[in-house]
Participant: 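Handing you a structure now.
Just the heavy atoms: all of them, side chains too, but no hydrogens, waters or symmetry mates, feed the values below. The shown structure was predicted, so the numbers you read here are calculated from the model rather than taken from an experiment.
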Amino acid sequence: MSAVPSRRAVLGLYSSTLRTAKSFSSYNFRNYFVRRTRDVFRNIQTEQDPSRVQSMYQEAVKDLAVLRRSAIVNQLYGGWRLAVEDPAKPVLQRGDD
């Protein structure tokens, strides 16, 4: 069985996951994954059982790989910007291209 991840390893994984979550071009996906990342790592932070922390950490590593692939696809095929994203800029309507 592998050792419990260090605080530095968990924080590094958290920052990588948060950075990847913020790279989504879609507003809804971006906000969802940022919220989800914070929730997952809060749960890891409060967990007391070392074996459970290890399994949660390993699951987060797998999730990061999936999140990175999903972010790339979302950047390639991202849709229109929503009005809530940047209120200073006008939103393009379909046909205004």
Side-chain angles (χ1 to χ4, degrees):
M1 182 175 180
S2 57
V4 177
S6 67
R7 177 176 170 80
R8 180 180 222 154
V10 173
L11 289 175
L13 181 61
Y14 173 68
S15 65
S16 295
T17 307
L18 198 58
R19 186 178 322 109
T20 303
K22 289 180 179 180
S23 72
F24 276 80
S25 63
S26 174
Y27 174 83
N28 291 325
F29 284 130
R30 184 173 55 244
N31 285 335
Y32 169 75
F33 286 119
V34 167
R35 260 191 337 266
R36 184 175 179 276
T37 298
R38 289 181 179 147
D39 290 343
V40 165
F41 282 91
R42 275 191 198 117
N43 290 338
I44 292 174
Q45 181 182 14
T46 60
E47 185 61 48
Q48 298 297 319
D49 181 22
S51 63
R52 181 82 177 116
V53 170
Q54 175 64 24
S55 66
M56 292 170 82
Y57 178 82
Q58 291 301 324
E59 188 66 29
V61 168
K62 291 176 188 175
D63 288 346
L64 175 59
V66 172
L67 194 64
R68 283 182 173 157
R69 291 190 303 268
S70 300
I72 291 169
V73 171
N74 186 260
Q75 289 168 1
L76 291 173
Y77 300 107
W80 299 95
R81 294 185 62 83
L82 302 177
V84 295
E85 290 185 70
D86 193 348
K89 295 181 182 177
V91 176
L92 289 176
Q93 301 295 322
R94 299 221 184 240
D96 286 349
D97 301 320

Participant: Measuring from atom CG of Asp49 to atom CE of Met56, what distance do you get when rounded to the nearest 0.5 angstrom?
Facilitator: 10.5 Å
Participant: Can you name the nearest heavy-atom pair linking Arg52 to Glu47, along with the distance?
Facilitator: CG-CD, 3.4 Å
Participant: Any donor-acceptor pair under 3.5 Å linking the side chain of Thr20 with the backbone of Arg68?
Facilitator: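 Absent.
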Participant: Using a strict 4.0 Å threshold on nitrogen-to-oxygen distance, state whether Arg42 and Asp39 make a salt bridge.
Facilitator: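 Looking at Arg42 and Asp39, the cut-off is met.
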Participant: Is there a path of hydrophobic side-chain contacts, each under 4.5 Å between heavy atoms, that joins Ile72 and Tyr77?
Facilitator: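 Yes, Ile72 connects to Tyr77 through the hydrophobic network.
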Participant: Can you tell me how far apart CD (Gln58) and CG (Asp63) are? Round to the nearest 0.5 Å.
Facilitator: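 Gln58 CD to Asp63 CG: 11.5 Å, rounded to 0.5 Å.
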Participant: Tell me which pairs pass side-chain hydrogen bond (donor to acceptor under 3.5 Å, both in side chains) where either residue lies in residues 7-19, with sequence neighbours left out.
Facilitator: none
Participant: Partners of Tyr57 by ring-ring contact (aromatic ring centres under 6.0 Å, His included), sequence neighbours excluded?
Facilitator: none
Participant: Looking only at heavy atoms, what is the nearest atom pair of Gln75 and Ser25, with distance?
Facilitator: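 It is CA-OG, 3.9 Å.
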Participant: So which atom in Gln54 and which in Val4 form the shortest heavy-atom distance, rounded to 0.1 Å?
Facilitator: OE1-CA, 3.7 Å
Participant: Could you report the tightest heavy-atom contact between Ser26 and Asn74, atom names first, then the distance?
Facilitator: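 Looking at all heavy atoms of both residues, the closest pair is N-OD1, 3.0 Å.
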Participant: Hey, could you give me the CG/CG distance between Leu18 and Leu11, rounded to the nearest 0.5 Å?
Facilitator: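 So the CG of Leu18 and the CG of Leu11 are separated by 11.5 Å.
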Participant: Other than Phe33, which residues form its hydrophobic cluster under the rule that side-chain heavy atoms must be closer than 4.5 Å?
Facilitator: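 Its cluster partners, ordered by chain and number, are Phe24, Phe29, Tyr32, Leu67.
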